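Hydrogens, waters and symmetry mates are skipped; everything else that's a heavy atom, side chains included, is used. Just so you know, these numbers come straight off a predicted model, no measurement behind them.
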Amino acid sequence: FFDDRTIARDVKLTDTGQKYVVASTQGYQAVESRNLIRMATLETFQKNPGFAHLNNFAPPRSETMYPNYQYNEYAWGMQIDLNACVGCNSCVIACVTENNIPVVGKEQVLMGRKMHWLRIDNFFQGDPENPRMWFQPTPCMHCEDAPCELVCPVNATVHSSEGLNEMIYNRCVGTRYCSNNCPWKVRRFNFLLFQDWNTPQLKMMRNPEVTVRSRGVMEKCSYCVQRITAGRIASEEADRRVRDMEILTACQQACPTNAIVFGDINDPNSAVAKLKAGPRTYATLEELNTRPRTTYTAAVIDPNPEMPQALTQQQPEQHY
């Protein structure tokens with residue numbers, strides 16, 4: 001309830017001339033006509049279910065100089081539904097907690113230094129005064145033809161037998177060549193010793209299954225490889241394969257809308273394999289032919305034409 005004791009009256013704003021700097025990790029994901037967010041109205045989708053692949057410049061998979069890896073057991077992959085993501089950042093917080101990611105603080109963010117392995121890219125469409133907002137979770141893509149792996153001089157970033165792009169921390173010498181070669185800029189370099197190694201209470205806060213990194217080391221999303229390993233060991237002890245949805249990544253587990261699905265794409269009956277086989281599946285920057293393991297489900301909207309903010313047609317060129 002509100003009364004005169006809780007409402008301030010006759011308030012006057014005065015310009016003090018002082019400035020307060022606000023740190024933000026967003027503001028740099030310009031689409032630049034790269035068609036990162038793909039969507040269509042329900043009417044368009046019904047006419048052309050493969051709308052997500054219009055104007056697609058992805059080269060054939062046979063056109064590559066990379067070796068074709070053979071995955072005889074598991075091949076891990078992720079699918080993210082753009083219709084379901086609400087941009088709540090629960091996945092980011094879960095990833096930070098699960099993987100012992102340091103919080104760098106405002107000063108470092110202002111310098112462009114961030115450590116979280118997963119970010120939510122915010123994009124806007126339509127009228128700047130009343131735009132439609134889109135959210136796109138962006139972890140490591142775990143590319144089949146990973147450009148980061150070729151440039152590491154000490155073989156610190158490698159391709160696993162299950163398709164993961166892995167980081168071997170004790171090999172990394174901090175050249176940052178891999179980050180320079182990553183089109184998605186999802187790698188993070190530990191410029192400073194953000195971790196407190198001495199306070200005993202902080203040791204209980206960290207996940208003992210994940211290495212606590214020191215400075216001078218490149219970090220990135222690992223698809224929660226510690227969870228994959230634990231699930232594989234449990235299945236081997238039971239003399240069976242890992243069951244579908246038995247292994248959940250931290251981001252997947254924390255997502256309130258089930259926008260993130262992870263699993264074995266070698267299993268055609270797995271949830272992630274079925275989603276990837278759908279007509280709306282696409283990969284960002286697929287024209288680079290890196291063949292990402294992380295793919296997206298294009299959004300389908302059903303706008304009310306009587307509402308002024310309704311989008312009646314696909315307008316990817318108006319994203320910013």
#### Entry: Nearest heavy-atom neighbours spanning Gln108 and Val104
CG-O, 3.5 Å
### Task
Please check if the side chain of Asp121 supplies one atom and the backbone of Pro137 the other of a donor-acceptor pair under 3.5 Å.
no
### Query
Cluster question for you: counting only ILVMFWY and a side-chain heavy-atom cut-off of under 4.5 Å, with indirect links fine, are Ile260 and Leu164 together?
yes
### Task
Indicate yes or no for a side-chain donor-acceptor contact from Arg293 to the backbone of Cys143 under 3.5 Å, with no hydrogens or angles considered.
no
### Query
Are Ile265 and Val242 connected, step by step, through hydrophobic side chains (Ile, Leu, Val, Met, Phe, Trp, Tyr) whose heavy atoms are closer than 4.5 Å?
no
### Query
Could you give the distance from NZ (Lys114) to CD1 (Ile101), rounded to the nearest 0.5 Å?
13.5 Å
### Query
Is there a donor-acceptor contact under 3.5 Å from the side chain of Asn83 to the main chain of Val300?
yes
### Query
What heavy-atom pair brings Cys95 and Trp117 nearest, and what distance separates the two atoms?
SG-CB, 3.9 Å
### Query
Under 3.5 Å, is there a donor-acceptor pair linking the side chains of Lys276 and Thr281?
no
### Query
Closest heavy-atom contact between Trp134 and Ala299?
CZ3-CB, 3.4 Å
### Partner of Asn165 under side-chain hydrogen bond (donor to acceptor under 3.5 Å, both in side chains), chosen from His142, Glu149, Glu144, His159
Glu149
#### Entry: Cation over ring face, Arg38 and Tyr296, 6.0 Å, 45°
no
### Task
Sort out for me which residue in Arg227, Arg240, Arg232 forms a salt bridge (Lys or Arg N to Asp or Glu O under 4.0 Å) with Glu246.
Arg240
### Side chain Asn207, main chain Asn99, donor-acceptor under 3.5 Å
no
### Query
Just by distance, with hydrogens left out, do Glu63 and Asn289 show a side-chain donor and acceptor under 3.5 Å apart?
no
### Task
Report yes if some heavy atom in the side chain of Cys251 is under 4.5 Å from a heavy atom in the side chain of Pro139; otherwise report no.
no
#### Entry: Backbone of Val225 reached by a side-chain donor or acceptor of Thr229 within 3.5 Å
yes
### Query
Does the salt bridge (Lys or Arg N to Asp or Glu O under 4.0 Å) test come out yes or no for Asp264 and Arg241, once each step is laid out?
CA-CA 10 Å; Asp264 179 17; Arg241 287 181 59 84; 2.8 Å; yes
### Message
When you compare the side chains of Tyr69 and Ser161, does any donor N or O come within less than 3.5 Å of an acceptor on the partner?
### Response
no
### Donor-acceptor contact present, side-chain Arg213 to main-chain Thr211, <3.5 Å
yes
### Query
Gln136 versus Leu82: any side-chain heavy-atom pair under 4.5 Å?
yes
### Message
Please tell me whether Val272 and Ile247 are part of a single hydrophobic cluster in this structure, the criterion being side-chain heavy atoms less than 4.5 Å apart.
### Response
no
### Query
Are the ring centres of Trp76 and Phe262 closer than 6.0 Å?
yes
### Message
Please determine whether the number of non-hydrogen atoms from other residues, nucleotides or ligands lying under 6.0 Å from atom CZ of Arg206 exceeds 12.
### Response
yes
### Query
Just checking, any donor-acceptor pair under 3.5 angstrom between side chains of Thr64 and Asp145?
yes
### Message
Could you measure the distance from the OG1 atom of Thr25 to the CE atom of Met115? Nearest 0.5 Å is fine.
### Response
14.0 Å
### Query
Would you say the side chain of Asn122 lies within less than 4.5 Å of the side chain of Met133, judging by non-hydrogen atoms?
yes
### Query
Does the pair Arg171 and Val158 meet the rule for a side chain to side chain contact (heavy atoms under 4.5 Å, CB included), with working shown?
CA-CA 11 Å; Arg171 291 183 186 173; Val158 295; 4.1 Å; yes
### Query
Step by step, would you call Thr138 with Ile120 a side chain to side chain contact (heavy atoms under 4.5 Å, CB included)?
CA-CA 6 Å; Thr138 308; Ile120 306 295; over 6 Å; no
### Task
Please tell me if the side chains of Val217 and Phe189 come closer than 4.5 Å, counting only heavy atoms from C-beta onward.
no
### Query
Hey, are the side chains of Cys224 and Gln226 touching, using non-hydrogen atoms and a 4.5 Å cut-off?
yes
### Task
Apply side chain to side chain contact (heavy atoms under 4.5 Å, CB included) to Leu36 and Leu285, showing your working.
CA-CA 7 Å; Leu36 301 179; Leu285 303 182; 3.8 Å; yes
### Message
Is the terminal nitrogen or CZ of Arg188 (NZ for Lys, CZ for Arg) located under 6.0 angstrom from the six-membered ring centre of Phe194 and within 45° of that ring's axis?
### Response
no
Would you give me the side-chain donor-acceptor pairs under 3.5 Å for residues 173-181, sequence neighbours excluded?
from   : atom 1 : to     : atom 2 : distance (Å)
Thr175 : OG1    : Tyr177 : N      : 3.4
Asn180 : ND2    : Arg176 : O      : 3.4
Asn181 : ND2    : Pro147 : O      : 2.8

### Summary
Between Pro279 and Pro49, the two heavy atoms sitting closest are CB-O, 3.6 Å
#### Entry: Donor-acceptor side-chain pairing of Arg187 and Thr157 below 3.5 angstrom
yes
### Query
Hey, any chance Val151 and Met167 share a hydrophobic cluster, counting ILVMFWY side chains that come within less than 4.5 Å of each other, even indirectly?
no
### Audit row: Asp10, Lys12, salt bridge (Lys or Arg N to Asp or Glu O under 4.0 Å) steps and yes/no
CA-CA 6 Å; Asp10 300 324; Lys12 183 180 180 181; over 6 Å; no
### Query
Are any side-chain N or O atoms of Asp196 and backbone N or O atoms of Thr199, one a donor and one an acceptor, separated by less than 3.5 Å?
yes
#### Entry: Side chain Asn100, main chain Val210, donor-acceptor under 3.5 Å
yes
#### Entry: CZ-CZ distance between Arg132 and Phe124, expressed to the nearest 0.5 angstrom
13.0 Å
### Message
Within this structure, what is the CD-CG distance for the pair Glu162 and Asn72, rounded to the nearest 0.5 Å?
### Response
11.0 Å
### Message
Looking at every non-hydrogen atom in both residues, tell me the closest pair between Ala298 and Ala52 and how far apart they are.
### Response
CB-CB, 3.8 Å
### Donor-acceptor contact below 3.5 Å, side chain Glu287 vs main chain Pro59
no
### Task
Hey, could you give me the CG/CD distance between Asn190 and Glu219, rounded to the nearest 0.5 Å?
5.0 Å
### Task
Check the pair Thr297 / Ile80 against side chain to side chain contact (heavy atoms under 4.5 Å, CB included), numbers first and verdict last.
CA-CA 6 Å; Thr297 300; Ile80 301 175; over 6 Å; no
### Query
Quick one: OG on Ser214 to CG on Leu192, what's the gap to the nearest 0.5 Å?
10.5 Å
### Any donor-acceptor N or O pair under 3.5 Å, side chains Glu98, Gln253
no
### Message
Is it the case that the side chains of Ser222 and Glu166 hold a donor-acceptor pair, with the cut-off being a distance below 3.5 Å and no angle test?
### Response
no
### Message
Assigning hydrophobic clusters by single linkage (Ile, Leu, Val, Met, Phe, Trp, Tyr; side-chain heavy-atom cutoff under 4.5 Å), is Tyr71 placed with Ile228?
### Response
no
### Task
Heavy atoms only: give me the nearest Trp197-Lys203 pair and the separation to one decimal.
O-CE, 3.8 Å
## Note on the structure
Taken in chain and number order and not counting sequence neighbours, the residues that satisfy side-chain hydrogen bond (donor to acceptor under 3.5 Å, both in side chains) with Thr284 are Trp184
### Message
Check whether Lys185 reaches the backbone of Pro183 with its side chain - one donor and one acceptor, N or O, closer than 3.5 Å.
### Response
no
